[in-house]
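What follows is a set of notes on a single structure, which appears directly below.
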Amino acid sequence: MEQKSEWDPQIVGFLCKWCSYAGADLAGTSRKKYPPNVRVIKVPCSGRVDPLFVLKGLRMGFDGVLVSGCHPGDCHYQTGNYRARRKMAITKKFLEYMGVEPERIQASWVSASEGDKFAATVADVTDNLKKTGPNRLFEDRRENNGTEASK
Amino acid sequence: MEQKLRSEARALLEQGKVDYIFGYEPGSLKFTTTPLLTRDKNDVDRLVVNPFIVNNLAKFLTELKGRVGIVVKGCDSRSLVSLIQDNKVARGNVVILGVPCEGLIDLSKVEKLVGRERDELDDILREGDKVFVTVDGKKREFPIADVAFDKCLACELPTPKEYDILLGAPTSPIGQKDAGYTAIDNLKGKIPQERWEFWKKEFSRCIRCYACRNVCPACFCQRCFVEETEPKWVEPTANWQDNLLFQVVRNIHVAGRCSDCGECERACPVKIPLRALTREMYDIVGELFDFKTGMDKNEPSLMTHYEKEEAEGLIR
């Protein structure tokens, strides 16, 4: 059976409970249209996002990872997003060095009132990922795997 | 230097200033040393300082109770300071015996140059920036830059910055910066896919023995994420995907605490060039946050500190 479906990027989004998650909620309640490619995980603070989550997302086959929190200075826990910024900055740089396309790791500041910005960010990230292509980083490419043989 | 170390160590034990002395003694094999931990003042005569004191003893401090007199090289002292910054070790509990390091000798480099196994070498002698290797009664001369560990060639601070007793005159770096960077430069010239393929190949060799983690002074978590089962982050079997994930995440976790002491690479049984990762992380941290590991015990560590404005270009 030939299965032909167009590839669409899948993004896992780690959104902070106080700002970005509420921002995403606002985008929804104000009926903003944005690509349905992001799967949202609510975290208590963007500072909770261990770089391990980013790697695990890519390992599981997500095409991109979006980490989003409050604007600098607005963190509910005062400093969580500053810490997130340090972590995400080194993660992004380091993975770029390893050979991961930088588009796959995204971080943004979205406040609870920025439904528009959230929609725009997701649209933009999705767009970029469409250009980058599917995540084959952790794929084992074998010439004669089951599906090939069955053809 | 050795005599000074022994007398200082003896004095520290006799005066009751420390409970333990932690240094190096000759190993059971030629040209090796092994850590020596003792409370007995008669053991201090076994202490040695030579170009083969490879281990980073700071690793064990988190597991020791009581006051310890510890022998450290430049790189070890930075690991130690980083542990102090993270409140893992109390400064008052350690007496730091600093060894101004002239660069350690990499036996595998000597073996390659001489073409013999290490057991067949009669003697290795260090004099200034020359190393004399005696084999079959013949003395051969090499510049230190040819036989030192890569990490020592690129070393910035061979003399410990933090110490109580310095065991000799401060030394200057060998200063062959480029040598340690060759692997990184080669990689950086490649396109992302090629870099990924390179690491994929390297990590398919990994047997996940966790020697790199166990030897790392910055890896002091009581429980590592790789051993967690709820949720299970990585498969326990050695496949290149999880090997790579483990090592990348480990490097990110120790960012700002890794002093690029090169112990992970030395411990690796399958010779994965791990310093090409640690060195790059060291540079990234320096470039983004102007931070260097273990420079000042009164400074906050990388991840406990932040600036109001930094790294903004990376976040939308």
Side-chain angles (χ1 to χ4, degrees), chain A residues 46-47 50-61 66-69 71-73 75 78-110 117 120-122 124-125 128 132-133 136-141, chain B residues 184 187-188 190-200 203-204 224-226 228 231-235 239-242 244-253 255-256 276-285 287-289 291 302-316:
Chain A
S46 53
D50 189 319
L52 170 59
F53 300 176
V54 178
L55 263 296
K56 183 71 177 173
L58 294 176
R59 170 79 175 94
M60 286 169 78
L66 172 69
V67 178
S68 191
H71 283 272
C75 180
Q78 315 300 336
T79 62
N81 52 2
Y82 289 121
R83 292 163 207 284
R85 184 168 62 188
R86 284 210 155 176
K87 277 186 272 192
M88 291 316 294
I90 56 170
T91 306
K92 206 175 155 117
K93 282 264 182 184
F94 192 66
L95 286 180
E96 208 178 320
Y97 166 70
M98 294 291 291
V100 176
E101 299 88 341
E103 292 82 14
R104 299 203 188 281
I105 300 123
Q106 297 290 344
S108 68
W109 306 133
V110 172
K117 187 180 176 187
T121 306
V122 173
D124 194 35
V125 171
N128 282 341
T132 310
R136 298 200 191 285
L137 291 169
F138 289 100
E139 224 168 67
D140 259 326
R141 257 168 288 176
Chain B
I184 295 182
L187 270 177
K188 278 188 173 165
K190 291 178 178 167
I191 58 167
Q193 283 82 353
E194 282 177 339
R195 291 204 292 268
W196 189 260
E197 285 298 316
F198 170 81
W199 289 114
K200 184 173 162 179
F203 281 106
S204 51
C224 182
F225 71 93
V226 293
E228 282 180 358
K232 187 165 73 178
W233 298 106
V234 296
E235 291 292 330
N239 54 61
W240 72 264
Q241 290 97 334
D242 287 319
L244 193 147
L245 190 148
F246 155 65
Q247 197 56 245
V248 170
V249 174
R250 194 184 80 83
N251 263 284
I252 297 173
H253 280 179
L277 295 178
T278 58
R279 188 78 215 176
E280 177 64 14
M281 186 52 102
Y282 182 87
D283 286 348
I284 288 175
V285 168
E287 184 191 321
L288 284 177
F289 308 114
F291 184 91
L302 180 75
M303 286 302 164
T304 59
H305 186 67
Y306 62 88
E307 298 290 337
K308 287 253 145 68
E309 276 170 37
E310 63 186 4
E312 272 297 348
L314 297 169
I315 291 161
R316 39 174 89 226

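Hydrogens, waters and symmetry mates are skipped; everything else that's a heavy atom, side chains included, is used. Each chain gets a letter, A, B and so on, in the order the sequences are listed, and its residues count up from 1.
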Original post:
In terms of heavy-atom proximity below 4.5 Å to chain A, should B/Lys190 be classed as side chain, backbone, both, or neither?
Top reply: neither
Subject >> B/Ile252, part contacting chain A, at a heavy-atom distance under 4.5 Å >> reply: both
Subject >> Distance, nearest 0.5 Å, that separates CD of B/Gln241 from CD of A/Glu139 >> reply: 9.5 Å
Original post:
Does NZ or CZ of A/Arg85 come closer than 6.0 Å to the centre of the six-membered ring of B/Tyr306, within 45° of the ring's axis?
Top reply: no
**OP:** Kindly write out the residues that satisfy side chain to side chain contact (heavy atoms under 4.5 Å, CB included) with B/Phe225, not counting sequence neighbours, or none if the list is empty.
**Re:** A/Leu52, B/Trp233, B/Val234, B/Leu245, B/Phe246, B/Val249, B/His253
Original post:
B/Asp242 versus chain A, heavy atoms under 4.5 Å apart: side chain, backbone, both or neither?
Top reply: both
Original post:
Heavy-atom distance under 4.5 Å to chain B: side chain of A/Lys56, backbone, both or neither?
Top reply: both
Subject >> Rounded distance (nearest 0.5 Å) linking atom CG of B/Asn251 with atom OG1 of A/Thr91 >> reply: 11.5 Å
**OP:** Drop me the distance from A/Arg136's CZ to B/Gln193's CD, to the nearest 0.5 angstrom.
**Re:** 12.0 Å
**OP:** Heavy atoms only, distances under 4.5 angstrom: which of B/His305, B/Glu287, B/Glu309 has the most pairs with chain A? Name it, please.
**Re:** B/His305
Subject >> Heavy-atom pair of closest approach, residues A/Leu137 and B/Trp240 >> reply: O-CH2, 3.1 Å
Subject >> Student check: side-chain heavy atoms of A/Tyr82 and B/Lys308 closer than 4.5 Å >> reply: yes
Subject >> Test ring pair (Phe, Tyr, Trp, His ring centres under 6.0 Å) applied to B/Trp196 - qualifying residues, sequence neighbours left out >> reply: A/Phe138
Subject >> Part of B/Leu244 lying under 4.5 Å from any heavy atom of chain A >> reply: side chain
**OP:** Using non-hydrogen atoms and a 4.5 Å limit, figure out which bit of A/Leu58 sits close to chain B: side chain, backbone, both or neither.
**Re:** neither
Subject >> Contact leader toward chain B among A/Val67, A/Asp124, A/Val54, where contacts are heavy-atom pairs under 4.5 Å >> reply: A/Asp124
Original post:
Measuring from B/Leu314:CG to A/Lys93:NZ, what's the distance to the nearest 0.5 Å?
Top reply: 6.0 Å
Original post:
When rounded to the nearest 0.5 angstrom, what distance separates CZ in A/Phe94 from CD1 in B/Ile284?
Top reply: 6.5 Å
Subject >> Lys/Arg-Asp/Glu bridge criterion (N-O < 4.0 Å) met for A/Arg86, B/Glu310 >> reply: yes
**OP:** Classify the side-chain pair A/Gln106/B/Arg316 by whether it contains a donor and acceptor separated by less than 3.5 Å.
**Re:** yes
**OP:** Compare all side-chain heavy atoms of A/Lys87 with those of B/Met303 and state whether any distance is below 4.5 angstrom.
**Re:** yes
